[in-house]
Amino acid sequence: MDIIIWILVIAAFLLSFVGIIFPLVPGTIMLWVGFLLYAFFIGTEALSTFFWISMVILTIVLFASDIVANSYFVKKYGGTKWGERAAAIGVIVGSFVIPPFGILIVPFITVFVVELIQKRTTTEAWKASLGSLMGFLGGSFAKVIIQLIMIIWFIIAVVW
């Protein structure tokens with residue numbers, strides 16, 4: 001039975017990375033499925049209170065990474081406050097529109113349009129839109145790193 005649970009835990013962890021590319025797959029939730037499968041079916045004693053609190057904090061960081069990265073890069077590339085907000089909304093909406101490409105296209109177009117509405121030049125709007133693309137890539141990179149940290153921490157907690 002333990003082997004089946006371990007296979008499911010590993011599958012959940014792998015699916016968490018699929019969720020970075022295909023936002024319809026709840027990547028962060030898949031991490032938690034892996035943690036909880038282990039905790040309920042194999043053993044809770046290996047996972048301390050500190051582990052669980054840390055995972056909650058890292059989960060919050062995971063949820064925020066796309067939005068924060070998008071807003072940061074839009075601002076860095078000359079976008080306005082409205083462009084930053086549009087990028088955040090675009091990431092959320094883009095998760096549901098033509099996955100996985102929507103998460104790239106929707107924020108890009110949204111920022112571009114919002115910047116043009118604010119009487120920015122096409123070049124300025126284009127740069128801010130590129131910022132949203134860089135934000136997505138930066139957020140995705142951050143998610144990979146954070147998820148790896150969470151999985152490695154889990155493995156260390158279980159093994160030692």
Side-chain angles (χ1 to χ4, degrees), residues 8-37 47 49-157:
L8 292 173
V9 167
I10 292 167
F13 289 166
L14 291 175
L15 281 172
S16 75
F17 290 104
V18 171
I20 293 170
I21 306 298
F22 293 98
L24 293 177
V25 175
T28 307
I29 293 171
M30 295 312 300
L31 280 174
W32 279 87
V33 166
F35 298 155
L36 295 173
L37 280 169
L47 305 176
T49 303
F50 181 70
F51 171 84
W52 291 111
I53 292 170
S54 299
M55 292 306 112
V56 168
I57 292 168
L58 288 172
T59 298
I60 293 167
V61 172
L62 270 175
F63 280 128
S65 67
D66 274 337
I67 295 169
V68 170
N70 243 331
S71 293
Y72 170 77
F73 279 101
V74 168
K75 184 176 183 176
K76 182 178 178 178
Y77 282 76
T80 62
K81 283 285 183 196
W82 282 105
E84 290 178 56
R85 293 176 186 130
I89 292 168
V91 167
I92 294 166
V93 172
S95 296
F96 301 102
V97 177
I98 45 176
F101 306 107
I103 202 161
L104 293 170
I105 297 167
V106 173
F108 185 89
I109 292 170
T110 306
V111 170
F112 188 78
V113 169
V114 166
E115 295 294 334
L116 286 177
I117 289 171
Q118 295 189 83
K119 309 283 190 239
R120 306 287 302 243
T121 67
T122 305
T123 302
E124 291 171 326
W126 180 257
K127 285 182 181 178
S129 295
L130 285 176
S132 76
L133 180 60
M134 296 301 292
F136 169 74
L137 296 174
S140 295
F141 180 74
K143 286 169 112 177
V144 167
I145 298 300
I146 294 166
Q147 286 181 206
L148 282 172
I149 289 168
M150 293 171 80
I151 292 169
I152 291 168
W153 193 332
F154 169 80
I155 293 168
I156 291 170

Quick one: [atom1] on [X] to [atom2] on [Y], what's the gap to the nearest 0.5 Å?
| X | Y | atom1 | atom2 | value |
| --- | --- | --- | --- | --- |
| I151 | I10 | CD1 | CD1 | 10.5 Å |
| L15 | I20 | CG | CD1 | 12.0 Å |
| S140 | I145 | OG | CD1 | 11.5 Å |
| T28 | K143 | OG1 | NZ | 6.0 Å |
| Y77 | S129 | OH | OG | 12.5 Å |

Heavy-atom pair of closest approach, residues [X] and [Y]:
| X | Y | value |
| --- | --- | --- |
| A12 | G34 | CB-N, 3.8 Å |
| G138 | A69 | C-CB, 4.4 Å |
| A128 | G79 | CB-CA, 3.7 Å |
| A157 | L47 | CB-CD2, 3.9 Å |

- [ ] Give the intermediate values and the outcome of side-chain contact (heavy atoms from CB on, under 4.5 Å) for residues L62 and M150.
- [x] CA-CA 10 Å; L62 270 175; M150 293 171 80; 3.6 Å; yes

Task: Parallel, tilted or perpendicular, as decided by the 30° and 60° cut-offs, for the rings of F154 and F51 - done: tilted

Task: Ring center gap for W153 and F35 short of 6.0 angstrom - done: no

- [ ] Flag the pair L148 / F17 as yes when at least one side-chain heavy-atom distance between them is below 4.5 Å, and no otherwise.
- [x]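 Counting from C-beta outward, L148 and F17 do come under 4.5 Å.
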
Open item on the list: Checking T59 against W32: is there a side-chain donor and acceptor pair closer than 3.5 Å?
Closed with: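 Yes, a side-chain donor-acceptor pair sits under 3.5 Å.
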
Open item on the list: Checking K127 now: which residues fulfil salt bridge (charged side-chain N to carboxylate O under 4.0 Å, His left out) with it, not counting sequence neighbours?
Closed with: none

Distance-only check: which donor-acceptor pairs under 3.5 Å involve side-chain atoms of residues 100-120, not counting sequence neighbours?
unit_1, atom_1, unit_2, atom_2, d
T110, OG1, V106, O, 2.5
E115, OE2, T80, N, 2.9
E115, OE2, T80, OG1, 3.1
Q118, NE2, T80, OG1, 2.6
R120, NE, E124, OE1, 3.3
R120, NH1, G78, O, 3.3
R120, NH2, G78, O, 2.8

